[in-house]
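This report concerns only the one structure given below.
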Amino acid sequence: MRVCPSDATREVNFDGLVGPTHNYSGLAHGNIASASHRGLVSNPREAALQGLAKMKALHDAGFAQGVLPPQPRPAIEMLDRLGFTGTPSEKLTAAWAADPAIVRAISSAAAMWTANAATITPSFDASDRRVHFTAANLQSSFHRAIEAPTTAAALAAIFADESRFAHHPALPATPAFSDEGAANHTRLCATYDGPGVHLFVYGRDGLDRGHAEPAASKRFTARQTLEASQAVARQHGLTGEQCVFARQSAAAIDAGVFHNDVIAVGNGPVLLYHETAFADEDTVLAELREKMGAFGAALIPVRVNRDAVSLADAVATYLFNSQLLTRPDGSMILIVPAECERNPEVAAELDRIVADPANPIAEYRAYDVKQSMDNGGGPACLRLRVVLTAAERAAMNPGVLFDDALHAKLVDWVKRHYRDRLAIADLADPSLLNETRTALDELTGLLRLGSIYAFQQR
Ligand code: SUG
């Protein structure tokens, strides 16, 4: 089956612009790259420029590209809630003296990984024909749980037209409803402007039903719960026929697959996945086939066997944290991290996939996003996919849609405002707070977003 995006309906990839406090604090549970780079000196300027270079390359290749702004960090308003008083600088200094772990958490630039920002249902699948958004509560870690309100505000500012866009509240921020957004959600379809099946992947049960959970992960606690995925589907009005809920394999979670997008990626009818991705692969495929078949679409599974690429290599190279994109002729391109080309087994598997006529993946291209990769974020983590009709694109805030002019402005903005080295001790520096606020205040003007940040409203 050919997937050909019509001019009318396109997938827009909204990449997170890396924020000025990008650092290696090792905060992320179950994320091996984050843990192994803990304490190293980061380069926020290079991180932001690497992200912008990827956006520019995909824009130049004809893909629809958008950008989402960073969040204000350090998140000083959190310090108010934690009992610190005084001026912003005084609060920061007091918090560092009391507990540097608090300052590390409120300084994280993790909002760059916009695959975790929200879950989106395109209007075609919604009974009210609106695009539905739920900002993820990211409750499993403090440094990410603080993202949800600003994410929701940014999405509401960008997709403001209530007749076309519906925004739902983030789920209750408690372990039972732990939600990590689109990183655990894939829409499979024949064409973007036709019906889709929503594959929600979760790692554990949220609520206690009085019986032991089968095959729970042991080394790392899974982040997404079944109850969270089900609640998002309910909010968006999706029916049972439109959804497949699949459990991740515990082995994958324990090997460092903290989100499903570290082990699988889908686009159109294609699902590229590692054989260890799901607890029950056969049932997942059968259900997808049946539900897609109901509207005449045929699933194209592309399975990577562990004999070809080990689970450890899949995690180390982030082979599956790739962007699978449809080109105008219906063929697909895989945007992989540069690390994939340096691993002979992974490179050989990519060559095999591209040569295989049974799937539409015709090419792969590697991009260097190493600054992000070292915190566990590859090309797919850096982007939030939103399928939009032409009318929806016309109704959204155009300031965040990427073009050459915006690229030039953002590169210039990064070069003027970002440091090229950030050690953990630098997070205590009050001038970093002022630099960040000055930069973000200018950015909301560049992106024509209005005053979306709390510090701008005072
Ligand atoms: O939540 N890393 C992020 C990486 C998110 C990747 N996203 C997807 N797979 N979609 C996380 O684990 C590290 C931050 C630090 O250590 O400072 C971090 O939060």
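Indexing begins at 1, ligand by ligand and atom by atom, following the structure's order. By convention here, the first residue in the shown sequence is residue 1.
- Of all the heavy atoms of Y24, none lies under 4.0 Å from any atom of ligand 1, so neither backbone nor side chain is involved.
- Below 4.0 Å from some heavy atom of A28 lie the following atoms of ligand 1, by number and element: 2 (N), 11 (C), 12 (O), 13 (C), 16 (O), 18 (C), 19 (O).
- D179 and Y202 share no donor-acceptor pair across their side chains, judged by distance under 3.5 Å alone.
- Atom CG of L226 sits about 11.0 Å away from atom CZ of R204, to the nearest 0.5 Å.
- Those atoms of ligand 1 that come under 4.0 Å of a heavy atom in A183, given as number and element, are 10 (N).
- The two residues V270 and L188 have their closest heavy-atom pair at O-CD2, 3.5 Å.
- Against a heavy-atom cut-off of under 4.0 Å, A115 is close to the following atoms of ligand 1: 10 (N).
- No side-chain heavy atom of N359 sits less than 4.5 Å from a side-chain heavy atom of P301.
- Considering backbone and side-chain atoms together, H259 places an N or O closer than 3.5 Å to an N or O of ligand 1.
- The ligand atoms of ligand 1 that sit less than 4.0 angstrom from a heavy atom of H143 are 14 (C), 18 (C), 19 (O).
- In plain terms, the two heavy atoms of A170 and T134 that are nearest each other are CA-CG2, 4.3 Å.
- Residue contacts with ligand 1 for L138 are absent, since no atom lies close enough (heavy atoms, distance under 4.0 Å).
- The distance criterion of under 3.5 Å between nitrogen or oxygen atoms is met by R144 with respect to ligand 1.
- Using a 4.5 Å heavy-atom cutoff, the side chains of M396 and L401 are in contact.
- In this structure, F14 has its ring center under 6.0 Å from that of F159.
- The atoms of ligand 1 that sit less than 4.0 Å from any heavy atom of A110 are 19 (O).
- Between W413 and L52 the shortest side-chain heavy-atom distance does not fall below 4.5 Å.
- For a threshold of 3.5 Å applied to N or O pairs, the pair formed by C381 and ligand 1 contains no separation below that value.
- Of all protein heavy atoms, the one lying nearest to atom 10 (N) of ligand 1 is D261 OD2, 2.8 Å.
- Inter-residue side-chain proximity for N267 and T186 is flagged as unmet; no heavy-atom pair is nearer than 4.5 Å.
- Between L27 and ligand 1, at least one N/O pair is under 3.5 Å apart.
- With R223, E180, R383 as candidates, the residue nearest to atom 1 (O) of ligand 1 on a non-hydrogen basis is R223.
- Among all non-hydrogen protein atoms, the one lying nearest atom 2 (N) of ligand 1 is N375 O, 3.1 Å.
- Closest of all the heavy-atom pairs between A105 and H143 is O-CB, 3.4 Å.
- Polar contact with ligand 1: present for N31 (N/O pair, distance under 3.5 Å).
- Remark: ligand 1 atoms within the under-4.0 Å shell around heavy atoms of G376 are 4 (C), 6 (C).
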